[in-house]
Amino acid sequence: VIDPEAPSRLALGEVEAPRPQRSEALVRVKAISLNRGEVRRAGSAEAGATIGWDIAGVVEAPAEDGSGPALGTRVVGMLASGAWAERIALPTNALAPLPDAVTDAQAACLPVAGVTALRALEHGGLLSGKRVLITGASGGVGQFALQIANAAGALTVGSVRQQRSEACAREMGAHEVVVGDDLEAARQHGPFDLVVESVGGDSLAQALTMLAPAATCVALGASASGQSTINVSAFYLTGGATLYGFILFYEHARNPIGRDLGRLVALVAAGTLRVPVALEASWERVGQVAQQLTDRAFTGKAVLYVD
Ligand SMILES: NC(=O)c1ccc[n+]([C@@H]2O[C@H](COP(=O)([O-])OP(=O)(O)OC[C@H]3O[C@@H](n4cnc5c(N)ncnc54)[C@H](OP(=O)(O)O)[C@@H]3O)[C@@H](O)[C@H]2O)c1
């Protein structure tokens, strides 16, 4: 729950037990992962509110309408809010069953970061041989996006801010990596058929001048800044370029994420997709881990066990 006095305003507390709707399974949560967005949200949410999106757990009571997995099935899933809890009511269209080969920690990292990466890349169509620029390439979304784009045959360029993040982007398969707040160095590797842009500010503004005709820039984050001053004439003179505003919960409402979660789980089980779990801890440390995430003190995903 939000506790204004606690580290990062996050603390354990008692809330009401969930009451599942007919299309929701009751899930006992085993592990959660943290995303930059919900940690940011904790900074302004009102005292006593619950937050959280990503979980892995076990079905304690299947959905009454017969949809979704049976009692005792291990699952991964996403809630729009309040997933960081011992038990949650999870819509069956927002979950996928887990095979033994995928751990709770791996699974908990997949919903927001993994599905965002997958769906953002789909805006590029068939990626084979295409030039794809991924900003924030060492982040949770960026590391999944690099791997999935590479597996699809794209030529990938990643941008990271800190020098120490370069190795991570290369490990995830980036063909080229540019380092620092200035994206200009990426221009020599363009023009790009697709940009997955999560940094905002100057990064978005620069990326919009590096598009190929008919290319798409998917703007999905503002890790550096929510304000950009763009060169609109450079953008429209490209010809047919598109700027797409991506927010996962809108995408989920149009096309539920359960199936895509299943695809990601299969890639992890097959060893094709690596899950960059950088930190594992008890959820009693949620405040401290959230602060480390805000400070970019680790590279990859943080998993907390609901122990
Ligand atoms: N629209 C959506 O539905 C959606 C879904 C998921 C995420 N997001 C947003 O997308 C962004 C990326 O998410 P994530 O989970 O991948 O974040 P993350 O794990 O914290 O990664 C942040 C990435 O951005 C880079 N970066 C560059 N400038 C930065 C700055 N000023 N502050 C922090 N990082 C900076 C980091 O580089 P270094 O490693 O070098 O620090 C890192 O590669 C976040 O803003 C998040 O809120 C949006």
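Given the structure is predicted, the values throughout are model-derived calculations rather than measurements. Every number for a ligand or one of its atoms is a count from 1 in the order of the listing. FYI, the numbering just counts along the sequence from 1.
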* **Minimum-distance protein heavy atom relative to atom 44 (C) of ligand 1** => Ser223 OG, 3.3 Å
* To do: State whether the shortest distance between N or O atoms of Gly300 and N or O atoms of ligand 1 falls below 3.5 angstrom.
  => no
* Answer side chain, backbone, both or neither: which part of Arg296 comes under 4.0 Å from ligand 1, heavy atoms only. => side chain
* To do: Check Glu251 against ligand 1 and report side chain, backbone, both or neither, counting heavy atoms closer than 4.0 Å.
  => neither
* **Structural part of Ile247 in contact with ligand 1, heavy atom criterion under 4.0 angstrom** => both
* Asked: Which atoms form the tightest heavy-atom contact between Thr156 and Ala149, and what is the distance?
  -> CG2-CB, 3.6 Å
* To do: Indicate, as side chain, backbone, both or neither, the part of Phe249 found under 4.0 angstrom from ligand 1 when only non-hydrogen atoms are considered.
  => neither
* Any N or O of Gly140 closer than 3.5 Å to N or O of ligand 1 -> yes
* **Polar proximity ligand 1 side, Ser159 side, N/O cut 3.5 Å exclusive** => no
* Under 4.0 Å, heavy atoms only, figure out whether ligand 1 is touched by the backbone of Cys168, its side chain, both or neither. => neither
* Shared ILVMFWY cluster between Leu90 and Leu98, side chains joined below 4.5 angstrom? -> no
* To do: Report yes if Leu220 has an N/O atom closer than 3.5 Å to an N/O atom of ligand 1; otherwise report no.
  => yes
* Asked: At the 4.0 Å heavy-atom cut-off, does Ala113 count as touching ligand 1?
  -> no
* To do: Anything under 30° is parallel, anything over 60° is perpendicular, the rest tilted; go ahead and classify His123 against Tyr244.
  => tilted
* Asked: Say you draw a straight line from CG of Leu95 to CD1 of Ile55; how long is it, rounded to the nearest 0.5 Å?
  -> 7.5 Å
* Sub-4.0 Å heavy-atom contact, Lys301 with ligand 1 -> no
* To do: Looking only at distances, please establish whether an N/O atom of ligand 1 is found under 3.5 Å from an N/O atom of Gly221.
  => no
* To do: Output yes when Arg187 and Glu184 qualify as a salt bridge under the 4.0 Å nitrogen-oxygen rule, no when they do not.
  => yes
